[in-house]
Number of protein chains: 2
Amino acid sequence: MRKISESTVRRLSLYLRFLEQFAAHGQTTISSAELARRGGTTSAQVRKDLSFFGSFGKRGLGYSVTELAAKIRDILGLRRTYRVILVGAGRIGGALVQYPGFRQRGFHVTAIYDKDPHKVGSRWNGLVVRDVRHIEADLAKEPTDIAIVVTPAEAAQDVVDRLVHSGVKAILNFAPVQLAVPADVVVKSVNMALELETLSFSLSNR
Amino acid sequence: MRKISESTVRRLSLYLRFLEQFAAHGQTTISSAELARRGGTTSAQVRKDLSFFGSFGKRGLGYSVTELAAKIRDILGLRRTYRVILVGAGRIGGALVQYPGFRQRGFHVTAIYDKDPHKVGSRWNGLVVRDVRHIEADLAKEPTDIAIVVTPAEAAQDVVDRLVHSGVKAILNFAPVQLAVPADVVVKSVNMALELETLSFSLSNR
DNA sequence: CCACGATTGTGAACTTATTCACAATATGCG
DNA sequence: CGCATATTGTGAATAAGTTCACAATCGTGG
Ligand SMILES: NC(=O)c1ccc[n+]([C@@H]2O[C@H](COP(=O)([O-])OP(=O)(O)OC[C@H]3O[C@@H](n4cnc5c(N)ncnc54)[C@H](O)[C@@H]3O)[C@@H](O)[C@H]2O)c1
Ligand SMILES: NC(=O)c1ccc[n+]([C@@H]2O[C@H](COP(=O)([O-])OP(=O)(O)OC[C@H]3O[C@@H](n4cnc5c(N)ncnc54)[C@H](O)[C@@H]3O)[C@@H](O)[C@H]2O)c1
């Protein structure tokens with residue numbers, strides 16, 4: 001397959017959300033122009049994004065909402081559910097476990113780990129917080145697809161090393177550090193302070 | 001000023017974080033190559049990013065860590081502090097108010113708003129949660145620089161309309177919806193489900 | 001069953017972003 | 001001082017991403 005850009009993947013994920021909304025409203029077909037309007041892009045961009053993966057529309061008519069949604073789910077690998085573990089039972093971790101949106105989209109949090117003896121053993125949304133030292137053993141028995149790192153910055157690289165060592169191939173990181181991982185592991189970082197700084201830049205430059 | 005790309009701004013923010021770390025370790029000078037290594041980019045990219053704003057280095061020597069940090073703070077508009085309000089006293093909102101990292105970087109949360117009468121009036125990290133209906137009046141008296149939207153998706157556009165109407169020019173949005181705002185208002189969205197879906201895509205394509 | 005309006009799919013043109021590559025220095029040392 | 005070494009700053013080359021523009025094709029309605 002040709003190299004697909006990050007921005008294309010992000011847009012596909014957006015299109016999918018719109019398609020689900022259109023489907024919920026009973027709309028059966030949709031044009032690239034309409035999808036573009038919703039996503040703040042152009043119709044050519046929508047068609048180009050899709051064209052990397054095939055041709056899913058009908059000329060003169062547009063796309064079937066449900067078919068295109070199914071196709072994008074396929075492309076994004078969303079036909080299956082994913083096992084997700086959370087490392088760090090802190091404030092952000094707490095918000096994430098309780099958030100129903102992830103499960104709705106097929107991401108199932110199956111375990112939470114922490115280092116703090118006061119937190120280990122407590123129940124979080126039906127899950128018992130486990131000691132982070134059990135990660136390797138647990139993952140050997142029941143591998144996970146994705147790990148979310150919500151520990152303090154100082155602990156993050158350490159935690160990630162153990163995750164990688166345990167065979168985790170995808171990591172979503174909230175700690176404000178640049179993580180080093182082997183080439184076959186993919187890391188996405190959410191850096192909220194950085195987002196605020198881009199806002200600060202925008203405010204100062206107009 | 002020439003149009004600066006989003007990616008350049010994000011990288012500058014990263015460089016700044018690294019510079020602060022180097023400063024904390026007592027390092028006084030640094031080369032573009034070293035910054036690049038840390039940030040996962042190339043030395044040419046680092047120099048190009050900086051060159052949009054001036055020339056801050058010494059040939060043969062590199063950059064003064066503290067001078068460059070000060071310069072980037074200038075560029076990003078981080079010489080001042082920012083007033084930030086939070087709309088939505090839920091789980092994510094709770095994590096955000098308690099997070100010390102924002103204040104450390106000059107972003108001061110000055111008020112929290114919610115719609116729920118059970119939450120209005122309660123204390124959150126020293127701040128009393130106010131009724132969202134007071135937003136307009138409050139902001140007329142004490143303008144804010146940035147608003148963080150952490151309400152449910154259904155309420156987000158409504159809240160944003162009121163923020164815009166009250167003169168807010170920068171918004172950080174956590175609700176998984178595309179927000180419509182006038183051209184002079186900048187919105188950044190953090191969409192965690194979308195991040196998970198890009199991971200899902202990566203996992204399914206190798 | 002043909003002509004028309006709508007809309008896709010996609011090369012080609014264009015625009016933006018990244019990397020290359022090298023002259024222009026700064027430092028240090030014999 | 002003059003030469004060797006390091007590293008910047010930047011125009012030019014390349015690569016990547018977006019938009020244009022139009023032939024291909026579908027459904028409809030006369
Ligand atoms: N809270 C926010 O709004 C916010 C915003 C931006 C970034 N972040 C980042 O997200 C991360 C988590 O933030 P938080 O506010 O939830 O912090 P927190 O302090 O509330 O929680 C961190 C948790 O990690 C646990 N922990 C520490 N070391 C560990 C280890 N080695 N293994 C497993 N668990 C360990 C701690 O016991 C604690 O329970 C931090 O890196 C923070 O910088 C948080
Ligand atoms: N919690 C997470 O981990 C997570 C992850 C991804 C995205 N999000 C998104 O972030 C947003 C907030 O999530 P949450 O988990 O904190 O939700 P939550 O339900 O815990 O909190 C939402 C808060 O907003 C308040 N609210 C509702 N309507 C309002 C209005 N019109 N004005 C002011 N306040 C109003 C509610 O009373 C509630 O206190 C949601 O859009 C959610 O989809 C959350």
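Here is how names work: the chains are called A, B, and so on, in the same order as the sequence lines, proteins then strands, and each is numbered from 1. No experiment lies behind these values; they were computed from the predicted model shown.
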Subject >> N or O in side chain of A/Y63 less than 4.0 angstrom from D/dC26 OP1/OP2 >> reply: no
Original post:
Within less than 4.0 Å of OP1 or OP2 of D/dG9, is there a side-chain N or O belonging to B/R47?
Top reply: no
Original post:
Taking the six-membered ring for Trp, is the centroid-to-centroid distance between B/F18 and B/Y15 below 6.0 Å?
Top reply: no
Original post:
Salt-bridged, A/E20 to A/R73, with N to O below 4.0 Å?
Top reply: yes
Original post:
Can you find a side chain N or O atom of B/Q45 that sits less than 4.0 Å from OP1 or OP2 on C/dA17?
Top reply: no
Original post:
Looking at D/dT19, C/dT8, C/dT18, which one has an atom nearest to any side-chain atom of A/T42?
Top reply: D/dT19
Subject >> Nearest listed nucleotide, side chain of A/A44, among D/dA21, C/dT19, D/dT8 >> reply: D/dA21
Subject >> Integer-rounded Å distance: D/dT8 C1' and B/E67 CD >> reply: 15 Å
**OP:** Check step by step if ring-ring contact (aromatic ring centres under 6.0 Å, His included) holds for A/F107 and A/Y82.
**Re:** CA-CA 5 Å; A/F107 298 96; A/Y82 287 87; 5.5 Å; yes
Original post:
Rounded to the Å, how far apart are A/L35 CG and C/dG9 P?
Top reply: 12 Å
Subject >> CA sep, side-chain torsions, deciding dist, call: B/S166, B/R162, side chain to side chain donor-acceptor pair (under 3.5 Å) >> reply: CA-CA 6 Å; B/S166 308; B/R162 301 176 62 173; over 6 Å; no
Original post:
How long is the line joining CG of B/L50 and P of D/dT8, in whole Å?
Top reply: 10 Å
**OP:** Send over the distance from A/R10 CZ to D/dG17 C1', rounded to a whole Å.
**Re:** 16 Å
Original post:
Sub-3.5 Å donor-acceptor pair from the side chain of B/D114 to the main-chain atoms of B/A89, do we have one?
Top reply: yes
Subject >> A/D49 CG - D/dT18 C1' separation (whole Å) >> reply: 10 Å
**OP:** Round to the nearest Å and state the distance from A/L61 atom CG to D/dG29 atom P.
**Re:** 12 Å
Subject >> Under-4.0 Å side-chain N/O to phosphate OP1/OP2 contact, B/S55 with D/dT8 >> reply: no
Subject >> Value in whole Å for how far the P atom of D/dT7 lies from CG of B/L68 >> reply: 15 Å
**OP:** Nearest-nucleotide wise, let me know which of B/A33 and B/K48 is further upstream toward the 5' end of DNA chain D.
**Re:** B/A33
Original post:
Between D/dA16 atom C1' and A/F52 atom CZ, what is the distance in whole Å?
Top reply: 10 Å
Original post:
Base, sugar-phosphate, or nothing for A/S32, non-hydrogen atoms under 4.0 angstrom?
Top reply: sugar-phosphate
**OP:** Please determine if a side-chain N or O atom of A/R59 lies less than 4.0 Å away from the OP1 or OP2 oxygen of D/dA24.
**Re:** no
**OP:** Would you mind telling me which residue lines up with the more 5' stretch of DNA chain D, A/R11 or A/G60, judged by nearest nucleotide?
**Re:** A/R11
